[in-house]
Amino acid sequence: MEKYITTPIYYLNGLPHIGHAYTSILGDVMKKFEQMRGNNVYYSTGTDEHGQKNQHSIENSELSAEEFLQRQSDNFRNLFINLGIDFDFFVRTSRPEHQKIVQEILQNIYDRGLIVKKSYEGLYCEGCEQFKKKSDLDENGHCPDHKTAPKAISEENYFFKLEPYRQWLIDYIKSHPDWIQPAKYANEVLGMLKEPLEDLCISRPKSRVWLGVELPFDTNYVTYIWFDALVNYISTLNFGHNPDFENIWSNSHHLIAKDILKPHCIYWPIMLHALGVAPVKHYFIHGYWIGEGGVKMSKSLGNVVDPVEMVDIFGVDALRFYLINNMTMAGDSQISPDLLKQGYKILANNIGNLQMRVLKMVQKNLNSKVPSKAALNDEDKQLLNNIAKRFTSVFRKDIGLETISELAESIISAGDATNAYFAANTPWVLAKDPAQKDRFEAVVYTTLDALRLIGNALYPIAPTTAGKIETSLGIENPQFVAEFKPMSLAEGAAIKVGDPLFPMIEEK
Ligand code: ME8
């Protein structure tokens, strides 16, 4: 079955930060997880290239709009490639094909009388690219997310009526309890739907915003950024021109953080409903990365975690593992170079050291060959069966945030169990006693086979490390599939002692 996974498309007014890296890594982990289960996945991520926020950054740069957007978008694309993210499509909303589909959709709903023109006065937060109600603001009259006062704006604009769809949306949420995950965000959306919905302003006069998709029915206006950006999810599938659209859309999954709940879970399903298209199949909504100690990351506090710097210090796989292992379902999660270092040490101690120790033993005592499994006893078999059973059960679950964090957790606990087994069986003592040869071989085989299972499960999160583990065990061209058959490491295979998986980090 083909699945479609998307991330938000990111604004280009700054460099990609750890939050952007996280959502796009998460999508990649989900893609690899599904591929191991035998499912095809089409995965899109990319950049949101219109709107007032991007426009101001262009105006403050020395570059033309096209040059600025290209440079900024490439920063994201290149980072994602460096992070091992295997996207199938990199969205750029400046792409003419996307703009054409936005215009076709607008014309469709305009022709059906769903858009009206009227004058409007409102408070606009540029950070959110949204009009705000007084009740949305904090006690100082500021946007609670951006801590800035929204601007009072009065202008003629085009509007799309949301209120007629409110009851349909409430009913849809209530009758599809796993549509928005975790469920607390479904409740948050239901809370937003308690009051009548204001008309959505879907245009911006070109006198104020020139960076956008021109309205097909009034060339004095561009399309509101969110109306344009949300359409990316279907323009990527060539909506309106693709006979296979429904097929893949019916298996679509949107990954977003909690900051963009309202446009995604209110505007977007209503837009689709008006077009006669079913909503996305699932939303997976994650919390925010914040600095160590629970403070928001900000340049002035100097606690912004730069993904490029973190990759330089810890490498791609350790960063990916930290992000996946430490995002809590309950709320926000903390990150800092020190916390990443602790996460790195867990990987080094739990998997890296074990792998190196056992491989060196095989090199020294067993002529670099995987030993026989003939003498495995109940304890050995039980360890391998337990690990295999746990991984099998994780890979049987549907993708979702909980499944992916359970995957990370199951890897660490398999590593802990194998380390405890290794320590209790003291193979370094057995190695010295010829009478214990069979026992020695059984303990080494068991440890190597446990590492093989761990390497396989690790693939979605840390693909390069997974490949290194399997190759070090004498498996050539490892194929990563969700099959965890214990005791199937080939006896006699030639192990390879390479560099440590997680070498000591130089103090900077
Ligand atoms: O909202 N922790 O773009 P954006 C976790 N263009 N994730 C974070 C994060 C953090 N601290 N900060 C950002 C936009 N993110 C629109 C989206 S989609 C049709 C249009 C991630 O650049 C997270 O995925 O502000 C969040 O939802 C997204 O970046 C917002 O990116």
Side-chain angles (χ1 to χ4, degrees), residues 5-28 30 44-55 57 69 72-73 75-76 79-80 83 85 90-94 98 101-102 125-130 143 145-146 185 211-213 223-236 252-269 271-272 280 283-292 294-299 301 303-307 319 322-324 326-329 331-336 401:
I5 298 177
T6 69
T7 73
I9 48 171
Y10 308 112
Y11 290 129
L12 293 179
N13 57 324
L15 288 170
H17 59 69
I18 204 74
H20 302 129
Y22 170 69
T23 314
S24 291
I25 287 173
L26 180 62
D28 183 63
M30 288 187 171
S44 75
T45 188
T47 50
D48 188 349
E49 310 202 352
H50 294 139
Q52 210 163 354
K53 200 161 26 179
N54 287 333
Q55 178 179 318
S57 299
L69 296 173
Q72 297 295 97
S73 177
N75 287 334
F76 281 83
L79 173 68
F80 294 167
L83 291 170
I85 296 169
F90 192 88
V91 176
R92 295 193 61 194
T93 50
S94 55
H98 164 79
I101 292 172
V102 171
C125 171
E126 195 179 296
C128 299
E129 295 273 20
Q130 284 181 56
C143 164
D145 287 336
H146 295 94
Y185 293 114
L211 187 67
V213 181
T223 310
Y224 170 45
I225 179 84
W226 272 107
F227 197 99
D228 160 3
L230 289 162
V231 167
N232 96 83
Y233 297 131
I234 58 174
S235 69
T236 293
S252 50
H253 308 268
H254 289 334
L255 297 182
I256 58 168
K258 59 181 186 175
D259 55 333
I260 49 181
L261 205 55
K262 188 172 182 185
H264 277 83
C265 300
I266 295 185
Y267 305 163
W268 182 224
M271 284 164 66
L272 288 167
V280 66
Y283 292 98
F284 298 133
I285 299 169
H286 62 77
Y288 248 42
W289 288 101
I290 49 175
E292 193 173 342
V295 276
K296 207 178 161 181
M297 281 185 259
S298 77
K299 285 202 183 113
L301 288 175
N303 64 346
V304 175
V305 177
D306 175 8
L319 175 65
Y322 181 87
L323 291 172
I324 297 299
N326 290 278
M327 175 51 83
T328 54
M329 291 305 109
D332 295 334
S333 311
Q334 300 185 14
I335 190 164
S336 70
L401 297 170

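Sequence positions, counted from 1, serve as the residue numbers for this chain. Counting starts at 1 for both ligands and their atoms, following the listed order. Note that these values count all heavy atoms, side chains included, but never hydrogens, waters or copies made by symmetry.
- Here the two rings, on Tyr267 and Trp226, have centers that are 6.0 Å apart or farther.
- Shortest non-hydrogen contact noted between Tyr11 and Ile225 is CE2-CG1, 4.2 Å.
- A heavy-atom distance below 4.5 Å is not found between the side chains of Val280 and Tyr233.
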For a distance cut-off of 3.5 Å, show me each N or O of ligand 1 paired with any protein N or O, plus the separation.
| from | atom 1 | to | atom 2 | distance (Å) |
| --- | --- | --- | --- | --- |
| ligand 1 | 2 (N) | Trp289 | N | 2.8 |
| ligand 1 | 6 (N) | Ile9 | O | 2.7 |
| ligand 1 | 6 (N) | Asp48 | OD2 | 2.7 |
| ligand 1 | 11 (N) | Trp289 | O | 3.2 |
| ligand 1 | 22 (O) | Tyr11 | N | 3.0 |
| ligand 1 | 22 (O) | His20 | NE2 | 3.2 |
| ligand 1 | 24 (O) | Thr23 | OG1 | 2.7 |
| ligand 1 | 27 (O) | Ala257 | N | 3.1 |
| ligand 1 | 27 (O) | Asp259 | OD1 | 2.8 |

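- The shortest distance between side-chain heavy atoms of Asn303 and Glu292 does not fall below 4.5 Å.
- A distance of 6.0 Å or more separates the ring centres of His50 and Phe227.
- A donor and an acceptor atom, one from each side chain of Ser44 and Thr236, are nowhere located under 3.5 Å apart.
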